[in-house]
Amino acid sequence: MAHDHGHTPAAWTGSIIAFVGFCVAGVFMVMANVPGFWAGMAIIAIGALVGGAMRLAGLGKEKRPHRQAASARS
């Protein structure tokens with residue numbers, strides 16, 4: 001069984017944006033800058049929204065119908 005682990009433009013873009021947000025939040029957390037920390041958290045949320053929007057636009061993984069393996073064997 002082959003697994004592609006979500007190697008799609010939507011997954012990569014959402015992950016990269018979220019990683020940048022994580023780095024921003026981490027830097028501002030160390031600097032004890034609360035607004036900067038929350039800006040980083042907002043960037044993480046934006047990454048999730050962008051990745052989801054790209055998936056809905058057709059740049060994500062195709063959905064496959066679930067197979068009824070247990071009922072097919074009976």
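What you are looking at is a predicted structure, and each value in this text was computed from that prediction instead of being measured. Residue numbers run from 1 in the order of the sequence given.
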Throw together a table of side-chain donor-acceptor distances under 3.5 angstrom for residues 27-55, partners on residues two or more places apart or in other chains.
unit_1 : atom_1 : unit_2 : atom_2 : d
Asn33  : OD1    : Gly36  : N      : 3.0

Steps toward side chain to side chain contact (heavy atoms under 4.5 Å, CB included) verdict (Cys23, Phe19): CA-CA 6 Å; Cys23 292; Phe19 177 72; 3.6 Å; yes
Closest non-hydrogen atom pair between Pro9 and Leu59, with its separation: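 Where Pro9 meets Leu59 most closely, the heavy atoms are CD-O, 3.4 Å.
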